Amino acid sequence: MGKIVYKNYLILSCLMDKKYNKLMLGGKSGMNLKGKSKNIYYLVYSIIFLLSACHSNQIRFAPETNTIYTVDNYPIRKLNVVMENAKLNFSITRVDTLEGSPYIKLDSIGDNYEIVEETNKLLYRLIPQKKYSNIPFVPSEVYGIYHASNGDASTCIIYILTDENGKVNKVMTEYEYNNYQQSQN
């Protein structure tokens, strides 16, 4: 993806550079345009550049291994996990000095990430935070998992529902979960 972004940046640079004045937009050279036309010219190419530079925060969940993974294979910096029924919030954050991974096993986080309960966030400097080694999978729970590692893309939210034994029963997108909630009411 980095090569594509760099290639698109070079193309955009060439289109806007004076020595490439012969490249055309709508039959006219972009360098000879004035006023609104020139602004539209730059706007179109700026949008093309921004769209080519965007990353994705899309994540998926593999229930067989209890693993969250990114679709685009980008490293995860932070996940927020909300246990809706138990009213618990956890933050899974990459340790600053270590490399991130494109996947995280929720039942065994490893050394590159740390889990902190979010309720202590307000008193972070006053009280030592309790650290966890995994996210507990409890019976009949709804887990909301929020991923926003890439700031230039919208947050991805998935929901995991467990059965009465604490095993993953369903994995849903935000849209599917909202429809599921409406059908339950």
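Bear in mind that the values here come from a model prediction, so they are computed numbers and not experimental data. Numbering of residues begins at 1 and proceeds along the displayed sequence.
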Apply side chain to side chain contact (heavy atoms under 4.5 Å, CB included) to Lys170 and Ile160, showing your working.
CA-CA 6 Å; Lys170 288 185 180 184; Ile160 300 169; over 6 Å; no
Parallel, tilted or perpendicular: which one describes the rings of Tyr146 and Tyr159, with boundaries at 30° and 60°?
perpendicular
Between Thr93 and Glu114 (side chain of the first, backbone of the second, donor and acceptor by atom type, cut-off under 3.5 Å), is there such a pair?
no
If you take all heavy atoms of Tyr113 and Ile109, which pair is closest and at what distance?
CB-CG2, 3.3 Å
Leu106 side chain near Thr67 side chain, heavy-atom distance below 4.5 Å:
no
For the backbone of Gly166 and the side chain of Glu141, can you confirm whether one donor and one acceptor N or O come within less than 3.5 Å of each other?
no
Any heavy-atom pair between the side chains of Ile135 and Ile115 that's under 4.5 Å?
yes
Is Asn66 close to Asp107 at the side-chain level, that is, under 4.5 Å between some pair of heavy atoms?
yes
Determine, step by step, whether Leu98 and Asn112 satisfy the side chain to side chain contact (heavy atoms under 4.5 Å, CB included) criterion, reporting the C-alpha distance in whole Å, the side-chain angles of both residues, the deciding distance to 0.1 Å, and the verdict.
CA-CA 6 Å; Leu98 300 174; Asn112 291 9; 3.6 Å; yes
Is the backbone N or O of Thr173 less than 3.5 Å from a side-chain atom of Glu176, with the two atoms forming a donor-acceptor pair by type?
yes
Answer yes or no: is there a donor N or O on one side and an acceptor on the other, between the side chain of His147 and the main chain of Cys156, under 3.5 Å?
no
Pairwise side-chain contact, Leu88 with Glu117, heavy-atom cut-off 4.5 Å (strictly under)
yes
Return the minimal non-hydrogen interatomic distance between Asn85 and Val142, and the atom names on each side.
ND2-N, 3.9 Å
Determine whether Tyr143 and Leu161 make a side-chain contact, defined as any pair of heavy atoms from C-beta on separated by less than 4.5 Å.
no
Any Met83 side-chain heavy atom under 4.5 Å of Val138 side chain:
yes
Is there side-chain contact between Tyr103 and Thr65, with heavy atoms separated by less than 4.5 Å?
no
